[in-house]
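So the structure is just underneath, and the comments pick up after that.
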Amino acid sequence: MPYGSLVSQILATETWFLFQSPLIVTERIVVNTESALFGSLLDDFFSAYYKRRPVNATFVGMHEFDHLLPDFSAVSVGDTVYEMKELLQRLEEFPEDQLSNIELIDKKLAAGYLRTQIWEFESNHFYKGNPCFYTGEAVFSIISLFLTNYAPVLERVEAAIERMLAIPNFLQQGQVNISQAPQAWIEQSIEECIGAQYFFSQGIDEIIRENNISDPHFTNAANTALEGFVRYKHYLENELSLQANQNYSCGAEAFELMMRYGHFVDLNLDEYVRYAEGQIAEAKMQLDARAKDFSASSSQAALAQLGDIHPKTVQAYYQRFGELWQACRQVAQEKKLLTWPDFPIEYVPQPLWARKAAPYLYFLFYRSPARFQRPAVHMYLVPPIDEKMPLEQQEQLLRAVNESVIKSNHVIHHGSIGHHVQNWHAHRAPSRIGQMAATDCASRLAMFCAGTMAEGWAVYAGDLMSEVGFLTPLEKYAEYQSRRRMSARAVVDIKLHKGDFDLEQAVDYYQLQGGMNAAFARKEAIKNSMFPGAAMMYLFGSDRIKRFRKEMAATLKETFDLSEFHDTFLAYGSVPVELVCKDIKRRMTNA
């Protein structure tokens with residue numbers, strides 16, 4: 001059915017608009033008893049979510065809990081699991097016949113999230129087995145308060161004092177709860193302790209200086225937090241390390257649970273591994289065959305040329321981010337790719353208070369803006385280059401963060417048409433879960449279900465900008481290497497958690513098949529081991545969007561409009577792409 005006919009049919013029934021595009025409509029949420037009761041049930045779901053996950057709440061912009069840390073005492077964990085099981089039962093028993101399509105999606109997502117969380121709480125893979133869980137939550141509970149100026153600084157300082165004073169007890173809970181852990185997780189947690197020590201000493205001192213903070217309680221609380229990390233690091237090095245194991249796999253059953261109730265796909269995992277391996281082979285073939293186009297004897301030599309193309313001065317380096325952002329927006333608008341939002345972003349150097357700690361932590365240059373109480377302009381924290389550095393060091397950094405990295409990673413994927421534009425659409429979605437699920441928190445997204453949309457769209461956006469000519473021939477060639485790495489991540493994600501790979505085999509695979517250097521391969525494999533199902537969502541999500549676009553173009557023929565397709569797809573918010581595809585097809589069939 002043509003788009004115009006679809007819109008007319010939907011308008012003939014009762015609808016409401018998400019925003020201006022005539023395609024972006026959804027069935028109106030009818031005010032009835034079932035809908036009102038479901039809204040109340042979702043209220044209970046979110047109330048429990050934010051209360052039990054106060055650091056996530058801070059990142060999302062729900063600041064009622066800014067003074068709290070999570071509680072992983074035995075009593076609290078028991079209460080949390082009971083609460084989640086009770087909510088899950090209420091969701092499963094809730095009648096669906098009078099709910100809107102969006103409410104049905106939220107019902108699925110809430111129930112799916114609870115299922116995966118119950119597994120996490122009852123497994124040894126997270127709070128009972130990963131020391132990084134505690135280091136990440138503790139240090140980012142404070143960092144989250146100073147990433148944006150969402151409230152007066154003294155108000156945030158008061159919250160930080162309460163949280164810092166609670167950090168030693170929180171880390172002590174980690175010591176009580178974890179009796180064994182994988183060796184690499186222990187080592188990474190030790191690294192995060194080092195980063196935390198830098199933050200609670202030099203970083204806090206810099207925050208005090210920048211904000212003219214004179215409250216001695218702030219300094220004293222930071223020292224208390226620092227002492228807690230010193231003790232935790234000693235425990236990791238001298239006690240937990242003696243109980244190190246190699247249990248990195250979550251197991252096939254748990255992985256399939258994440259697929260079914262997180263990504264909402266029913267994959268044959270062995271078949272998908274074969275598909276991803278085929279994508280690696282195709283990418284490698286293209287890299288080898290086309291290296292000669294750049295007068296290079298190998299793909300490595302061709303890709304190395306990217307480092308030669310970079311801003312020549314530090315000032316030009318910082319300016320280049322904004323210039324390429326403007327250029328990306330201009331091309332997207334000229335080509336009518338989608339509705340480009342008024343969503344201000346400013347590329348600024350990473351703050352001084354973060355620079356010593358950041359290399360040891362999950363410190364992102366772009367964090368999704370808070371869904372609630374977002375500052376007027378979102379700050380993108382650019383990798384810093386100091387003009388006081390020796391010229392040789394400046395040159396090294398400029399080559400590392402070169403034109404291609406700025407354009408493809410910091411602009412397309414993160415700061416513009418990728419994550420930033422998708423986040424804007426998500427914040428206005430009718431799905432309450434879709435509005436906030438892709439928020440970056442201490443170590444991962446607020447909800448796993450956001451992954452295939454958030455990361456899938458960002459990868460798809462890179463392909464889209466390549467398609468319309470925004471990349472140079474060499475940058476376009478480099479996309480084969482990106483495809484190779486992304487496909488390798490899917491293979492490792494599945495094989496590692498099914499038990500087909502141990503950690504060292506995953507690292508070796510990344511080097512041989514993904515083209516990663518040894519250090520990056522190890523870091524990536526360790527991250528994959530901690531978060532099952534999070535690495536394969538890039539390949540699955542982006543491919544699913546591309547396949548669905550082709551399907552819609554073939555169905556609608558001359559009435560297919562790319563901008564309306566993208567706006568419609570993004571309007572659902574940060575929900576699994578598989579659910580979006582199914583719901584759009586259902587609407588077209590029923591219209």
Side-chain angles (χ1 to χ4, degrees), residues 262-263 265 267 272 275-280 282-283 286-287 324 328 331-332 337-338 364-368 404-426 437-438 440 444-445 448-471 475-494 510 514-516 520 524 527-528 531 533-550 562 565-566 569-570 572-581:
H263 297 329
V265 296
L267 287 181
Y272 200 74
Y275 167 75
E277 289 173 336
Q279 296 303 299
I280 294 170
E282 173 67 19
Q286 296 290 349
L287 286 166
L324 287 170
C328 181
V331 169
L337 299 182
L338 45 64
L364 302 175
F365 299 114
Y366 176 83
R367 280 186 176 274
S368 53
S404 175
V405 172
I406 295 172
K407 182 188 291 185
S408 296
N409 186 22
H410 295 292
V411 173
I412 296 174
H413 187 97
H414 286 102
S416 65
I417 193 170
H419 284 312
H420 197 60
V421 166
Q422 191 266 319
N423 283 324
W424 182 87
H425 284 268
D440 295 299
R444 54 177 171 167
L445 298 178
F448 181 77
C449 65
T452 55
M453 174 63 82
E455 297 300 348
W457 173 264
V459 172
Y460 170 79
D463 295 339
L464 183 65
M465 295 308 294
S466 176
E467 178 185 328
V468 298
F470 189 59
L471 302 186
E475 290 165 347
K476 195 168 183 176
Y477 173 78
E479 291 299 293
Y480 290 115
Q481 176 60 16
S482 298
R483 180 78 176 176
R484 178 186 178 188
R485 289 188 176 191
M486 180 173 65
S487 300
R489 287 187 174 102
V491 173
V492 167
D493 196 1
I494 295 171
Y510 271 146
M516 302 180 188
F520 188 81
E524 185 66 24
K527 181 180 178 182
N528 299 160
F531 303 110
M536 58 80 64
M537 64 194 185
Y538 295 77
L539 181 66
F540 180 87
S542 58
D543 281 4
R544 188 68 179 96
I545 297 171
K546 283 186 282 189
R547 289 200 311 274
F548 190 64
R549 171 183 159 184
K550 288 180 181 178
L562 187 60
F565 170 76
H566 289 149
F569 206 90
L570 291 173
Y572 281 81
S574 298
V575 304
V577 294
E578 189 65 26
L579 294 186
V580 175
C581 295

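Only heavy atoms go into these numbers, but all of them, side chains included; no hydrogens, no water, no symmetry mates. On a predicted model such as this, the values are computed, not experimentally measured, just so you know.
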Q: Write down the atom of Ala276, the atom of Leu539, and the distance for their closest heavy-atom approach.
A: CB-CD2, 4.0 Å
(Q) I need the minimum non-hydrogen distance between His263 and Gly533, along with the two atoms involved. (A) NE2-O, 2.9 Å
Q.
Going by ring pair (Phe, Tyr, Trp, His ring centres under 6.0 Å), name the residues that satisfy it together with Tyr366, two or more places apart in sequence or in a different chain.
A. His378, Tyr380, His420
**Q.** Pair Tyr275-Asp543, side chain to side chain contact (heavy atoms under 4.5 Å, CB included): steps then yes or no
**A.** CA-CA 11 Å; Tyr275 167 75; Asp543 281 4; 2.5 Å; yes
Q: Mark yes or no: Arg485 above the aromatic ring of Phe520, with NZ or CZ under 6.0 Å from the six-membered ring centre and no more than 45 degrees from the axis.
A: yes
Q) Is any side-chain heavy atom of Phe569 closer than 4.5 Å to a side-chain heavy atom of His425? A) no
Q) Got a sec, which residues hit salt bridge (Lys or Arg N to Asp or Glu O under 4.0 Å) with Arg367, two or more places apart in sequence or on another chain? A) none
Q: Might you point out which heavy atoms bring Tyr460 and Arg549 nearest each other, and give the distance in Å?
A: OH-NH1, 3.0 Å
Q) Could you give the distance from CD (Glu455) to OG (Ser574), rounded to the nearest 0.5 Å? A) 10.0 Å
Q: Verify side chain to side chain contact (heavy atoms under 4.5 Å, CB included) between Lys550 and Arg547, making sure each step is shown before the conclusion.
A: CA-CA 5 Å; Lys550 288 180 181 178; Arg547 289 200 311 274; 5.8 Å; no
Q: Mark yes when over 12 heavy atoms from residues, nucleotides or ligands other than Lys546 sit less than 6.0 Å from its NZ; otherwise mark no.
A: yes
Q.
As a quick check of understanding, evaluate side chain to side chain contact (heavy atoms under 4.5 Å, CB included) for Arg489 and Tyr510, giving each step before the final call.
A. CA-CA 8 Å; Arg489 287 187 174 102; Tyr510 271 146; 3.5 Å; yes
Q: Compare every heavy atom of Leu324 with every heavy atom of Val411, then report the nearest pair and how far apart it is.
A: CG1-O, 3.7 Å
Q. What's the spacing between Leu338 CG and Gln422 CD if we round to 0.5 Å?
A. 11.5 Å
